[in-house]
Amino acid sequence: MTESMPEFVPELTPDEAGTDLVVVTGVSGGGRSTVARALENVGFYVVDNLPQALMLDMAQLAFEAGGAARRTAMVLDVRSRAFSTDLAGAVRALKERGFSPRVVFVDADDEVLIRRFESVRRSHPLQGDGRLADGIAAERKLLEEAREQSDVIIDTSHLNVNQLRRRVEELFGGEDARRLRITVLSFGFKYGLPPDADYVMDARFLPNPFWVPELREHTGLEEGVSSYVLGQEGAHDFVGTYASLIAATAPGFEREGKRYLTVAVGCTGGKHRSVAIAEELTAQLRDIRLSAHSSHRDLGRE
């Protein structure tokens with residue numbers, strides 16, 4: 001009797017085996033520690049202050065360990081002596097080994113960073129004998145390419161700790177990591193454009209509920225304001241047109257490896273029209289089975 005040959009099992013690549021890597025970097029004071037804790041909350045094994053030179057070794061260890069370690073987040077800190085500006089090269093090396101890392105850049109406005117450092121009476125790690133602003137400027141220069149190469153930018157200027165945690169959990173929760181995830185972000189033009197917007201929708205062509213006394217103190221999350229906004233001529237066509245545009249482009253973005261899409265919806269103050277439109281657009285995108293969630297940057301600022 002001839003001995004049967006063992007069944008051949010092809011070796012899986014890290015990506016095929018479900019290894020999920022997230023690389024977190026960004027400015028000091030931007031909220032990297034909060035992002036790291038939030039990633040732990042959704043099941044990631046987090047390695048903080050990892051020298052960039054060890055990224056590939058860490059990824060390989062995570063792959064070989066299997067189990068929970070296959071969801072690993074690596075937090076890079078500019079203060080690490082092994083940090084280099086070639087994050088793009090490190091990510092490329094990971095991809096050549098079969099990994100598909102997602103790069104998150106945490107940012108905030110300079111004035112916000114200064115207030116945060118002053119509130120805890122800390123100097124900036126790159127400040128030296130200069131001013132806080134000098135350290136922030138030096139770090140921005142060092143991280144310029146890393147920001148440009150990131151998959152998602154999280155601007156924490158107007159987010160508290162709980163809001164930032166929820167944003168991370170929405171982005172990296174239990175859904176398929178390879179799906180395009182869409183954030184529909186309402187904002188107020190008077191507070192500036194969101195820096196991470198891929199599409200910008202301008203809802204200021206609609207009548208402003210601010211000028212309706214019984215609606216002024218309410219928000220676009222409430223039925224009265226939402227019905228008023230969506231009941232205006234052109235509102236439903238406006239939302240439907242953008243929903244169709246996003247649906248038409250989403251498959252192409254996924255084929256090109258883009259994992260996060262931010263659709264910013266603006267009105268004057270980010271309280272009424274943009275909030276109502278963002279909620280309706282999110283609902284329509286979910287109806288066509290796209291992964292979408294809403295976020296309201298400036299709600300509560302007025």
Side-chain angles (χ1 to χ4, degrees), residues 31 104 106-109 112 152-171 173 180-212 214-247 249-250 253 260-288 290-302:
V104 178
V106 185
D107 204 353
D109 296 338
V112 174
V152 59
I153 298 170
I154 302 178
D155 187 341
T156 69
S157 301
H158 308 299
L159 299 178
N160 62 35
V161 170
N162 290 329
Q163 289 169 329
L164 176 55
R165 175 184 54 77
R166 283 197 299 271
R167 179 78 191 279
V168 173
E169 290 173 355
E170 287 167 349
L171 289 170
L180 179 69
R181 300 192 183 187
I182 302 165
T183 299
V184 184
L185 177 69
S186 73
F187 73 97
F189 276 97
K190 71 179 184 179
Y191 301 116
L193 287 169
D196 55 342
D198 297 294
Y199 290 117
V200 176
M201 299 168 60
D202 188 346
R204 291 176 295 181
F205 75 96
L206 296 169
N208 192 348
F210 179 85
W211 302 112
V212 180
E214 60 268 28
L215 298 178
R216 179 175 298 175
E217 300 305 319
H218 298 276
T219 77
L221 293 175
E222 297 173 71
E223 177 63 29
V225 174
S226 179
S227 295
Y228 177 86
V229 171
L230 296 171
Q232 300 300 319
E233 183 179 356
H236 276 288
D237 288 342
F238 178 62
V239 177
T241 298
Y242 267 95
S244 297
L245 172 64
I246 294 163
T249 56
F253 282 132
Y260 306 98
L261 187 73
T262 299
V263 181
V265 186
C267 64
T268 303
K271 178 179 180 179
H272 298 111
R273 293 165 291 181
S274 62
V275 174
I277 294 292
E279 289 293 317
E280 176 63 19
L281 178 59
T282 300
Q284 291 196 20
L285 293 175
R286 287 175 174 169
D287 285 345
I288 57 177
L290 289 175
S291 176
H293 70 273
S294 61
S295 182
H296 306 293
R297 190 190 74 177
D298 298 325
L299 193 60
R301 294 189 71 177
E302 290 190 338

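Numbers for residues simply follow the sequence, beginning at 1. Bear in mind the structure is a predicted one, so any value in this text is a computation, not a measurement.
Judged as a side-chain contact (heavy atoms from CB on, under 4.5 Å), and not counting sequence neighbours, the contacts of T156 are V106, A108, R116, I154, L164. Residues meeting the side-chain contact (heavy atoms from CB on, under 4.5 Å) test with S295, sequence neighbours left out: T183, L185. With sequence neighbours left out, E223 forms a side chain to side chain donor-acceptor pair (under 3.5 Å) with S227. Contacts of T219 classified as side chain to side chain donor-acceptor pair (under 3.5 Å), with partners at least two apart in sequence or in another chain: none. Annotation: side-chain contact (heavy atoms from CB on, under 4.5 Å) contacts of A278 (sequence neighbours excluded): V184, S186, V265, H296. The salt bridge (charged side-chain N to carboxylate O under 4.0 Å, His left out) test applied to R286 returns no partner, not counting sequence neighbours. Among residues two or more places apart in sequence or in another chain, the salt bridge (charged side-chain N to carboxylate O under 4.0 Å, His left out) test is passed with D107 by R140, R147. For R216, the salt bridge (charged side-chain N to carboxylate O under 4.0 Å, His left out) criterion is met by no residue, not counting sequence neighbours. By the salt bridge (charged side-chain N to carboxylate O under 4.0 Å, His left out) test, D109 is found to be paired with no residue, residues two or more places apart in sequence or in another chain being considered.
Sorted by first and then second residue, the ring-ring contact (aromatic ring centres under 6.0 Å, His included) pairs involving residues 215-237 (not counting sequence neighbours) form an empty list. For residues 187-202, the pairs satisfying side-chain hydrogen bond (donor to acceptor under 3.5 Å, both in side chains) are K190-E302, D198-K258, Y199-T249, D202-R204, with sequence neighbours left out.
Of all the heavy atoms in A292 and L285, the pair that sits closest is CB-CB, 3.9 Å. Here the closest heavy-atom approach between residue I288 and residue A247 is recorded as CD1-CB, 3.6 Å. The heavy-atom pair separating D155 from P195 by the smallest distance is OD2-CG, 3.3 Å. F253 approaches L261 most closely through the heavy-atom pair CE1-CD1, 3.8 Å.
Taking 4.5 Å as the limit, some side-chain heavy atom of L206 sits within range of a side-chain heavy atom of I277. The closest side-chain heavy-atom distance from E217 to K271 is below 4.5 Å. By the 4.5 Å heavy-atom criterion applied to side chains, H158 and V112 are not counted as neighbours. Put simply, the side chain of P194 reaches to within 4.5 Å of the side chain of R297, judged on heavy atoms. Residues V229 and P209 have side chains in contact (heavy-atom distance under 4.5 Å, counting atoms from C-beta outward).
In this structure, Q163 contributes its side chain and N160 its backbone to a donor-acceptor pair below 3.5 Å.
In this structure, a donor-acceptor pair under 3.5 Å is present between the side chains of R273 and T268.
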In residues 237-244, what donor-acceptor pairs under 3.5 Å come from side-chain atoms, sequence neighbours left out?
{"unit_1": "T241", "atom_1": "OG1", "unit_2": "D237", "atom_2": "O", "d": "2.7"}
{"unit_1": "S244", "atom_1": "OG", "unit_2": "G240", "atom_2": "O", "d": "3.0"}

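Atoms OG and CG, on S226 and L221 in that order, are 9.0 Å from each other to the nearest 0.5 Å.
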Q: Kindly indicate, with the supporting measurements, whether the criterion side-chain contact (heavy atoms from CB on, under 4.5 Å) is fulfilled by V104 and Y260.
A: CA-CA 10 Å; V104 178; Y260 306 98; 5.6 Å; no

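More than 12 heavy atoms of other residues, nucleotides or ligands sit less than 6.0 Å from atom CD of E214.
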